[in-house]
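Just below is one structure, and these are the notes that go with it.
A note on names: the letters A, B, ... follow the listed sequences, proteins ahead of strands, and every chain is numbered from 1.
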Amino acid sequence: MHYSMMFLPTVRETPSDAEVISHQLMLRAGVIRKLTSGVYSYLPLGYRVIRKFEQIVREEMTRAGAQEVFLPTVQPAELWQESGRWTHYGKELLRFRDRHDRECCLGPTHEEVITDLVRNEIKSYRQLPLNLYQIQTKFRDEIRPRFGVMRCREFGMKDAYSFDTDEEGAEISYRKMFDAYNRIFTRCGLKFRPVEADTGSIGGSFSHEFLVTADSGEDAMVYCTRCDYAANLEKAEVPRPEQKQANAKDFLPLEEVCTPDVRTIEEVCAFLKVTPQDVIKTLIFNADGKPIAILIRGDKEVNEIKVKNFLGCDELELAMDDMILEVTKSPRGFAGAIGIKCRILADYSLMNMKNFVMGANKEDHHVKNVNFRRDFTVKDFVDLRAVQEGDVCPRCLSAMKFARGIEVGHVFKLGTKYSKAMKAHYLDKNGQEKIMIMGCYGIGIGRTVAASIEQNYDGKGIIWPMAIAPYQVIITPVNVREESLAKASEALYQKLQGQGIEVLLDDRDERAGVKFMDADLIGIPIRITIGPKNLAEKKVEIKIRRSGEVKILGLAEVEAFIVNTIKEEM
RNA sequence: CGGGGCGUAGCGCAGCCUGGCAGCGCGCCUGCUUUGGGAGCAGGAUGUCGCAGGUUCAAAUCCUGCCGCCCCGACCA
């Protein structure tokens with residue numbers, strides 16, 4: 001491509017509304033432009049990157065045995081009503097009516113459509129397993145789009161869906177996708193980590209997120225410093241402490257104390273001269289309209305997702321004052337387990353506590369020296385708390401570290417959530433009707449590209465990894481008005497293109513400095529500078545964008561060197 | 001949806017408080033000079049000051065309503 005012909009608007013100044021580096025650089029380097037909130041156009045340079053990444057995804061999907069399909073964007077409400085998600089998906093699902101007043105939506109994901117397709121065509125175990133994937137635009141009406149293409153409303157996504165006859169088959173399908181994802185992100189030169197994750201509204205039983213490590217990432221994870229345990233913070237488990245037999249002889253007498261206007265843990269500790277480790281927090285939640293009390297040690301925080309998953313409820317929020325009054329007979333700030341009028345869940349952190357402090361379910365009162373069994377009983381201790389700095393690995397008890405990342409891929413074992421609701425059945429060897437076992441596997445296309453920039457940039461601009469670079473080489477004649485330079489550049493351009501190399505020839509009548517700046521900004525991995533001094537000796541300069549390394553090579557050696565360098569970096 | 005901010009030339013912004021000629025830098029166009037890290041000089045074009053209404057002799061500026069965008073939170077994966 002000749003740069004002078006290319007629609008590649010670069011911008012010197014940083015647009016004021018771009019917060020993260022990838023967003024700023026994508027705008028500056030002419031990769032994307034915004035149309036409206038959360039909706040972006042990809043310009044030629046950006047679209048080349050997208051297509052290169054998609055190509056890698058296609059190759060690895062094919063290698064893993066998946067077949068590409070192309071599915072509708074507009075979907076009828078009936079399908080979503082069948083799966084139950086018409087009511088459950090919420091406002092992110094953009095709904096509208098067509099001219100016949102039929103309810104429709106824009107597909108935010110395609111489980112319903114694919115399940116419908118497969119149930120209509122697949123009848124026998126002989127036709128399974130099957131893995132179909134699509135690379136398409138999806139729409140989620142995000143409450144607040146942000147970070148450019150990273151969290152937007154309209155976005156490109158690869159989704160694969162697997163159908164198996166049984167659990168073992170589903171495990172194999174899942175593993176294949178898991179491996180494929182590792183290959184895909186490795187090929188793109190990304191530093192990433194698969195972590196155990198919560199399944200959220202997609203549903204299902206088991207899941208991994210692929211997080212590209214970046215401080216700007218929206219996801220927090222913990223990982224073990226010794227074994228390979230890594231989990232999203234929402235999912236991260238806490239090891240179950242060993243339960244020691246409490247000796248009733250150590251129990252001090254229960255004592256109610258007046259604590260006027262003392263509500264928070266800090267206030268209680270200051271007032272009673274105890275530490276947060278001596279106090280039990282009693283939090284009243286509203287779970288689908290029913291009150292539930294969560295007991296947790298004063299220095300810990302509740303992980304609401306764990307509570308939600310344990311209860312299997314749809315909605316969970318801290319209770320309003322009227323509900324608190326109803327179950328504790330006291331205002332907010334004095335809840336405790338003794339005599340409370342609702343179900344109680346206790347976190348692991350309480351297991352070996354004795355003589356602790358908690359609310360008295362009475363205004364301006366707390367109780368001291370509370371003990372299990374004697375004062376109240378807990379059926380079972382559950383892991384309900386948010387992992388904190390200092391927590392150890394649930395698998396091997398070694399130290400864990402915190403990190404942030406960008407979710408670029410997510411694999412789910414769906415089980416029968418959709419196949420059951422939508423009756424995706426097949427006949428097994430014995431002529432028995434069985435439900436298919438499903439999995440789904442997504443990759444955010446634009447988001448991965450943005451994540452790659454978050455990991456590959458410097459003060460001058462983007463540094464594309466070779467595998468997804470829009471062009472592998474940029475040829476920069478220092479002055480196109482000098483015919484010898486222009487000619488030599490054009491000749492080299494033709495020669496490299498003949499080798500199948502993707503080359504951008506900067507034939508603009510611009511000053512050298514401008515061209516260098518643009519070449520750095522748009523992040524082409526290899527720059528060949530053609531200047532008068534070197535050319536007089538039949539030499540050119542090669543500069544590697546990432547390392548800044550410079551080489552002077554004879555014209556005859558250039559081709560081999562470039563071919564080699566590209567091969568090494570792919 | 002709650003809180004905050006912004007909307008003035010293609011981009012980045014000043015002007016608004018205290019009403020009185022529509023500005024600056026970059027970019028763009030023309031010419032000359034310059035040509036290996038965002039050139040210099042000279043000349044030039046570009047505005048529904050987000051939209052609508054109101055106050056006023058006079059509104060970018062004050063008032064009301066609406067729209068759009070950004071940030072924080074809630075939400076979502």
Side-chain angles (χ1 to χ4, degrees), chain A residues 9-20 23-24 27-28 30 33-39 88-94 108-109 138-148 150-153 155 157 159 195 197-204 207-211 217-221 232-235 304-305 308 315-318 405-412 440 442-444 447 459-461 476-482 485-486 489 506 508-522 527-536 539-541 543 548 550 552:
Chain A
T10 58
V11 177
R12 189 186 303 202
E13 280 160 303
T14 302
S16 61
D17 57 2
E19 198 74 1
V20 295
H23 188 195
Q24 293 172 359
L27 289 170
R28 288 226 291 134
R33 286 292 181 267
K34 182 169 70 179
L35 177 62
T36 183
S37 179
V39 179
H88 275 93
Y89 209 97
K91 290 200 179 151
E92 255 184 66
L93 184 64
L94 183 64
T109 171
K138 312 218 171 187
F139 193 93
R140 293 182 191 168
D141 201 359
E142 289 280 346
I143 292 174
R144 184 150 88 85
R146 60 187 115 173
F147 306 144
M150 203 102 89
R151 183 171 209 75
C152 49
R153 299 192 297 165
F155 56 98
M157 189 160 171
D159 254 328
V195 307
D198 186 63
T199 52
S201 72
I202 303 277
S207 141
H208 284 89
E209 278 173 356
F210 285 76
L211 298 186
E218 289 190 86
D219 291 71
M221 62 164 145
N232 187 304
L233 214 57
E234 295 177 340
K235 169 83 179 176
E304 293 189 22
I305 289 169
K308 214 168 152 179
E315 297 290 333
L316 184 81
E317 53 182 14
L318 275 172
I406 299 160
E407 179 192 350
V408 290
H410 204 155
V411 291
F412 296 84
C440 79
I443 289 179
R447 187 185 275 192
K460 292 174 177 169
T476 308
V478 141
N479 181 356
V480 289
R481 292 192 192 183
E482 263 187 55
L485 298 186
S489 306
D506 194 348
R508 294 175 301 166
D509 183 12
E510 287 284 356
R511 297 173 67 82
V514 172
K515 296 190 188 188
F516 293 152
M517 288 298 185
D518 277 334
D520 288 344
L521 177 61
I522 66 176
R527 189 182 83 202
I528 305 176
T529 311
I530 303 194
K533 279 189 209 147
N534 284 322
L535 190 64
K539 286 180 176 167
V540 295
E541 176 191 295
K543 186 164 185 179
V550 174
I552 310 290

For A/Glu304 and A/Val11, take the nucleotide of RNA chain B holding the closest heavy atom to each; which residue's nucleotide lies nearer the 5' end? A/Val11
If you look at every strand shown and take non-hydrogen atoms under 4.0 Å, does A/Pro532 touch a base, only sugar-phosphate, or nothing? base
Closest non-hydrogen atom pair between A/Asp509 and A/Arg481, with its separation: OD2-NH2, 2.8 Å
Distance check, C1' atoms only: B/G25 and B/G38, in whole angstrom units. 14 Å
Taking any heavy-atom pair under 4.0 Å as a contact, classify A/Lys515: base, sugar-phosphate, or nothing. nothing
Presence of donor-acceptor pair under 3.5 Å, side chain of A/Glu234 and base of B/A77: yes
Watson-Crick or G-U wobble partner for B/A59, using a 3.5 Å limit on both distances? none
Nearest to the A/Asn534 side chain among B/G37, B/C70, B/G36, which nucleotide is it? B/G36
So A/Thr109 and A/Tyr89, side chain to side chain contact (heavy atoms under 4.5 Å, CB included) or not? Walk me through it. CA-CA 11 Å; A/Thr109 171; A/Tyr89 209 97; 4.1 Å; yes
Between B/C75 (P) and A/Leu318 (CG): distance, integer Å: 10 Å
Which whole number of Å gives the distance between the C1' atom of B/G5 and that of B/A9? 23 Å
When the C1' atoms of B/G36 and B/C41 are compared, how many Å lie between them, rounded to an integer? 23 Å
Partner nucleotide of B/G12 by Watson-Crick or wobble geometry (both distances under 3.5 Å): B/C24
Side-chain (A/Lys515) to main-chain (A/Arg508) donor-acceptor, under 3.5 angstrom: yes
The answer to which of A/Asp17 and A/Leu316 contacts RNA chain B further toward the 5' end, by nearest nucleotide, is A/Asp17
Options B/C69, B/C71, B/C13, nucleotide nearest the side-chain atoms of A/Thr36: B/C69
Pairing partner of B/A39, by Watson-Crick or G-U wobble and under 3.5 Å for both distances, is B/U33
For the side chain of A/Asp219, starting at C-beta, report the closest nucleotide among B/U34, B/G37, B/A77. B/A77
Nearest heavy-atom approach of A/Gly38 to A/Pro145 is CA-CB, 3.7 Å
Which heavy atom of A/His410 sits nearest a heavy atom of A/Ala197, and at what distance? NE2-CB, 3.9 Å
Just the rounded figure in Å: distance from C1' of B/G68 to CZ of A/Arg153. 12 Å
Within the structure, does a side-chain N or O atom of A/Ser37 lie under 4.0 Å from either OP1 or OP2 of B/G68? no
Base B/G36 paired with A/Glu541 side chain (donor-acceptor, <3.5 Å): yes
What distance, rounded to whole Å, do you find between the two C1' atoms, one in B/U34 and one in B/G40? 7 Å
For atom P, what is the distance between B/G3 and B/A45, given to the nearest Å? 47 Å
By the Watson-Crick or G-U definition, both distances under 3.5 Å, B/G7 is matched with B/C67
Base, sugar-phosphate, or nothing: which does A/Asp509 touch, judged by heavy atoms less than 4.0 Å apart? nothing
Counting only Watson-Crick or G-U wobble pairs whose two distances fall under 3.5 Å, which nucleotide matches B/G2? B/C72
Output the single nucleotide from B/C11, B/C69, B/A77 whose closest atom is nearest the side chain of A/Glu407. B/A77
Taking the C1' atom in each of B/A52 and B/A59, what is the distance between them to the nearest angstrom? 15 Å
Provide, to the nearest angstrom, the distance between the CG atom belonging to A/Leu535 and the P atom belonging to B/G36. 14 Å
Do A/Arg527 and B/G36 share a donor-acceptor pair, side chain to base, under 3.5 Å? no
Nearest-Å distance, CG (A/Asp198) to P (B/A77)? 9 Å
What is the distance, to the nearest angstrom, from the CD1 atom on A/Ile143 to the P atom on B/G2? 13 Å
Determine which nucleotide pairs with B/C17, using a 3.5 Å limit on both distances of a Watson-Crick or G-U wobble pair. none
note: A/Leu485, atom CG; B/U35, atom P; distance rounded to Å ~ 13 Å
Gap in Å between the two P atoms, one belonging to B/A77 and one to B/U64, rounded: 40 Å
Shortest non-hydrogen contact between A/Leu485 and A/Gly531, atoms and distance: CD2-C, 3.6 Å
Any side-chain N or O of A/Arg144 below 4.0 angstrom from OP1/OP2 of B/C1? no
Short side-chain donor-acceptor distance under 3.5 Å, A/Asp198 and A/Asn232: no
Rounded distance in Å between the P positions of B/C17 and B/C6: 14 Å
Can you check whether A/Val11's main-chain N or O pairs, donor with acceptor, with A/Arg28's side chain at less than 3.5 Å? yes
Quick one: do A/Asp141 and A/Lys91 make a salt bridge, cutoff under 4.0 Å? no
Could you state the CD-C1' distance from A/Glu218 to B/C75, rounded to the nearest angstrom? 12 Å
Has A/Thr14 got a side-chain N or O lying under 4.0 Å from the OP1 or OP2 atom of B/G12? no
So, is A/Arg511 near the phosphate of B/A39, with a side-chain N or O under 4.0 Å from OP1 or OP2? yes
Could you please name the option among B/G73, B/G36, B/G38 that lies closest to any side-chain atom of A/Arg146? B/G73
Under-4.0 Å side-chain N/O to phosphate OP1/OP2 contact, A/Thr529 with B/G36: no
Verify the contact: side-chain N or O of A/Arg12 to OP1 or OP2 of B/G27, cut-off strictly under 4.0 Å; return yes or no. yes
Would the base of B/G37 count as contacting A/Asp520 through its side chain, where contact means a donor and an acceptor less than 3.5 Å apart? yes
Without decimals, in angstroms, what is the distance between A/Leu27 CG and B/C70 P? 11 Å
Spell out yes or no: do the side chain of A/Lys460 and the base of B/G38 have one donor N/O and one acceptor N/O closer than 3.5 Å? no
Taking donor-acceptor contacts at under 3.5 Å, does the side chain of A/Glu13 reach the base of B/G25? yes
